[in-house]
Amino acid sequence: MKTLNRLRRSLIATTIAVGALTLPYVALAQAPIVIKFSHVVAEQTPKGQGALKFKELVEKKFPGRVQVQVFPSSQLFGDAKELEALLLGDVQFIAPSLSKFDRYTKKIAVFDLPFLFDNIEAVDRFQSGPQGQALLSSMTDRGLIGLGYWHNGMKQLSTNKDKLTRPDDVKGLKFRIQASDVLEAQFRALNSNPQKMAFAEVYQALQTGVVDGQENTWSNIYSQKFHEVQKTITETNHGVIDYMVVTNVKWWNSLPADIRAGLTEAMTQATAHSNKLALDINTADRKKIADAGRAKIQTLTKEDQAAWRKAMDPVWKKFEANIGRDLIEGALKSNK
Ligand code: LMR
């Protein structure tokens, strides 16, 4: 009996020991690397399409080894939380608009200076050049590394008023802005009241009159239905909304070298895809807004545009020291 018990005990011990050795090994060998990619816009926007392309390319490159889960429309994390979530390791990729890196570096604020870039082609030239590329690694000491820039487009101004042609028309109005001090100064220069607010809250704030207006690209205005709760959209093209796709430095460096190389390659391809779509999506969405006939679309005369430029001009001086004259000049040169 004693021998039988000893035999049984040793059999159980062996089973546990073998299990302990093999199970985690099996689990490790089979578990794919899961990449959560969180963003705040709709899937049909340039960023939404870029994230889906990245998923497609990565999963094709690493079948069963890497899985990309895309969470659009602030489903997982909204503006306020996504950068924190990335640093905590709760998501692996995000692509905030360049205005939202304000807390991490003052340099990227160059993109927020009003009327700095003539068009998205100029923005592209600056981003592809040495200064734009250097900005991708300007936040590594804060735990963030940029893998590329994705375009959305030029910003337009909208309000719940009929008249929106001259800076005086926005005097005293409340505007939703992204979390950027430059944008705050821009609206203060117009004598209006800026309010920092997460993207997901804008529609309701416009609808209920918490704010009177906002600034955004055609694709964001259309996909969020802002044109249904605004009276006038003026084609000001006074600034840009573009993105930096960022990941967590520690997580990135911990990846096997072949995966990192493959993800970099997929990012380059997804970037080309998304950037090629951006202008077309914005042009198409402008037309859809015009066709819907809810908000009136206005364009500016040369004189009107000069008046907006002049009114926003003080913003440049205010932020020049933080951003650096060299960056501002480099960006200006990209206009050619
Ligand atoms: C906004 O908050 O208005 C935009 O930056 C949203 C986005 O990601 O395009």
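Numbering of ligands and ligand atoms starts at 1, following listing order.
Using the six-membered ring where Trp is involved, Phe54 and Phe93 have ring planes that are tilted, between 30° and 60° apart.
Screening Asn220, Thr45, Asn152 against Asn282 for a side-chain hydrogen bond (donor to acceptor under 3.5 Å, both in side chains) leaves a single residue, Asn152.
Nearest approach of Asn160 to Lys231, heavy atoms of both residues: O-CD, 3.6 Å.
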Which pairs of nitrogen or oxygen atoms, taken one from ligand 1 and one from the protein, are under 3.5 angstrom apart?
from: ligand 1; atom 1: 2 (O); to: Lys100; atom 2: NZ; distance (Å): 2.7
from: ligand 1; atom 1: 2 (O); to: Arg176; atom 2: NH1; distance (Å): 3.4
from: ligand 1; atom 1: 2 (O); to: Arg176; atom 2: NH2; distance (Å): 2.8
from: ligand 1; atom 1: 3 (O); to: Arg176; atom 2: NH1; distance (Å): 2.7
from: ligand 1; atom 1: 3 (O); to: Asn216; atom 2: ND2; distance (Å): 2.8
from: ligand 1; atom 1: 5 (O); to: Ser97; atom 2: OG; distance (Å): 3.4
from: ligand 1; atom 1: 5 (O); to: Lys100; atom 2: NZ; distance (Å): 3.1
from: ligand 1; atom 1: 5 (O); to: Gln178; atom 2: OE1; distance (Å): 2.7
from: ligand 1; atom 1: 8 (O); to: Lys47; atom 2: NZ; distance (Å): 2.7
from: ligand 1; atom 1: 9 (O); to: Asn220; atom 2: ND2; distance (Å): 2.9
from: ligand 1; atom 1: 9 (O); to: Tyr243; atom 2: OH; distance (Å): 2.4

Under the side-chain contact (heavy atoms from CB on, under 4.5 Å) rule, what do Trp150 and Met267 come out as? Steps first, then yes or no, please.
-> CA-CA 10 Å; Trp150 285 3; Met267 182 52 62; 3.8 Å; yes

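Every pair passing ring-ring contact (aromatic ring centres under 6.0 Å, His included) that includes a residue from residues 165-199 is listed here, sequence neighbours excluded: Phe175-Phe187.
Going from atom CZ of Arg142 over to atom CZ of Arg103 covers 8.5 Å, rounded to the nearest 0.5 Å.
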